[in-house]
Amino acid sequence: MADLHPPHRLMLLLEGRVAFEYAASWASLPLLRARAPRGHGEPVLVVPGFGSDDSYTNRLRSFLSSLGYRVRGWGLGRNHGRVHALIPLVVERTAELAADTGSKVVLVGWSLGGYLAREVARERPDLVRRVITLGAPVVGGPKYTASAPMYRKRGYDLDEIEASVARREVKPLEVPVAAVFSRSDGVVAWQACVDHLNPRVAHHEVLSSHLGLVCSPVVLLLVARLLSAEDDV
């Protein structure tokens, strides 16, 4: 897409904000818990982004657990980015959590984890109540991210990956999706986080670094509110 490109390299400097966002979330946890709507044991599966594992989503998961949700990490180690291999594994984890709780699961995915969450919901809407994506590149795969040069150096055809992502849209999403994005994201082009195809996707803009989308106070509170929302967009 001619109007889309990865964030400027200087935008990566803004990702240093994550240290302040993490500290702010720690300091404001009592206030956040007081303001956030409560859960009642609903199952939530949190999927990490490319190159990260469950340890990076710990602040988000701990916060949601403290509100009364039954929260799990994906338990698959580091996200290596091989999407076609990972989707069935995340489907399996989602099915296990749904069986354990007797309820449909809310999938919360950060970055590439958000894309995986959407695709699990696309394949198994019977298992998923709703999806919340945080800075997820739903257009173009890695083509419009700061990782694009690395993929090219490794010999990946980013145009083909983009076409593959587009082909999956033949089957529309059946469950509601809340897509959270930041225009100051230094890793994923914010335009690539916007879904113009699926009517069940609602977009929510925040001010955050990409790395801070799993720990920023404003995002934590937004996710809590989205979890308590009705199942429509």
Side-chain angles (χ1 to χ4, degrees), residues 7-8 10-39 42 44-50 52 54-69 71 73 106-118 129-139 144-146 176-195 200-233:
H8 194 280
L10 291 177
M11 291 285 288
L12 280 174
L13 297 176
L14 293 176
E15 290 301 308
R17 291 175 291 166
V18 66
F20 300 98
E21 291 166 330
Y22 191 85
S25 68
W26 178 262
S28 59
L29 275 177
L31 178 60
L32 291 174
R33 291 189 182 114
R35 295 180 61 190
R38 315 299 295 186
E42 298 94 330
V44 179
L45 183 70
V46 180
V47 186
F50 175 66
S52 68
D54 286 332
S55 65
Y56 195 76
T57 64
N58 185 61
R59 174 57 52 82
L60 173 61
R61 288 185 290 112
S62 296
F63 175 65
L64 297 180
S65 294
S66 74
L67 297 179
Y69 293 98
V71 186
V106 177
L107 297 176
V108 180
W110 170 61
S111 197
L112 178 61
Y115 178 75
L116 291 170
R118 280 171 46 109
R129 182 167 72 86
R130 68 186 304 119
V131 174
I132 301 172
T133 63
L134 308 173
V138 300
V139 177
Y144 307 115
T145 75
V177 177
V180 180
F181 71 94
S182 170
R183 291 177 190 258
S184 60
D185 190 318
V187 177
V188 177
W190 69 266
Q191 298 94 331
C193 301
V194 177
D195 185 336
R200 302 220 68 188
V201 178
H203 298 92
H204 303 267
E205 184 177 350
V206 296
L207 180 61
S208 172
S209 67
H210 183 77
L211 298 175
L213 287 168
V214 290
C215 63
S216 166
V218 67
V219 179
L220 294 181
L221 185 57
L222 175 59
V223 171
R225 289 173 172 168
L226 291 171
L227 281 173
S228 69
E230 296 296 328
D231 291 343
D232 56 2
V233 174

Residues in side chain to side chain donor-acceptor pair (under 3.5 Å) contact with [X], at least two apart in sequence or another chain:
{"X": "Thr145", "answer": "none"}
{"X": "Arg183", "answer": "Glu205"}
{"X": "Arg59", "answer": "Tyr22, Ser25"}
{"X": "Asp195", "answer": "Arg118, Asn198"}

With sequence neighbours left out, write down each residue that passes side chain to side chain contact (heavy atoms under 4.5 Å, CB included) with [X], or none if nothing qualifies.
{"X": "Ser228", "answer": "Pro37, Tyr69"}
{"X": "Ser66", "answer": "Arg33, Phe63"}
{"X": "His8", "answer": "Leu10, Met11"}

* Asked: ring-ring contact (aromatic ring centres under 6.0 Å, His included) with Phe50: which residues, sequence neighbours excluded?
  -> Tyr151
* With a 4.5 Å heavy-atom cut-off, do Val138 and Val201 have their side chains touching? -> no
* To do: Ignoring hydrogens and angles, tell me if any N or O in the side chain of Ser28 forms a donor-acceptor pair with the backbone of Leu31 under 3.5 Å.
  => no
* **Main-chain N/O of Glu42 paired with Arg129 side-chain donor or acceptor, under 3.5 Å** => no
* Could you pull out the closest heavy-atom pair between Asp185 and Gly135, with the gap in Å? => OD2-CA, 4.3 Å
* **Closest non-hydrogen atom pair, Pro7 against Tyr144** => CD-O, 3.8 Å
Could you go through residues 12-19 and list every donor-acceptor pair under 3.5 Å that involves a side-chain atom there, pairing it with any protein atom two or more places apart or in another chain?
from: Glu15; atom 1: OE1; to: His210; atom 2: N; distance (Å): 3.0
from: Glu15; atom 1: OE1; to: Leu211; atom 2: N; distance (Å): 2.9
from: Glu15; atom 1: OE2; to: Gly186; atom 2: N; distance (Å): 2.9
from: Glu15; atom 1: OE2; to: His210; atom 2: N; distance (Å): 3.0
from: Arg17; atom 1: NE; to: Leu14; atom 2: O; distance (Å): 2.8
from: Arg17; atom 1: NH1; to: Ser184; atom 2: OG; distance (Å): 3.2
from: Arg17; atom 1: NH2; to: Ser184; atom 2: O; distance (Å): 3.0
from: Arg17; atom 1: NH2; to: Ser184; atom 2: OG; distance (Å): 3.3
from: Arg17; atom 1: NH2; to: Ser208; atom 2: O; distance (Å): 3.4

* Applying side-chain contact (heavy atoms from CB on, under 4.5 Å) between Val219 and each of Val206, Val214, Leu207, report the one that passes. => Val206
* To do: Determine the sole option in Val71, Val44, Val108 for which the side-chain contact (heavy atoms from CB on, under 4.5 Å) test with Leu60 is passed.
  => Val108
* Structure fact -> To the nearest 0.5 Å, atom CG of Leu116 lies from atom CG of Leu107 at 10.0 Å
* Between CG of Leu32 and CG of Leu220, what distance do you get to the nearest 0.5 Å? -> 6.0 Å
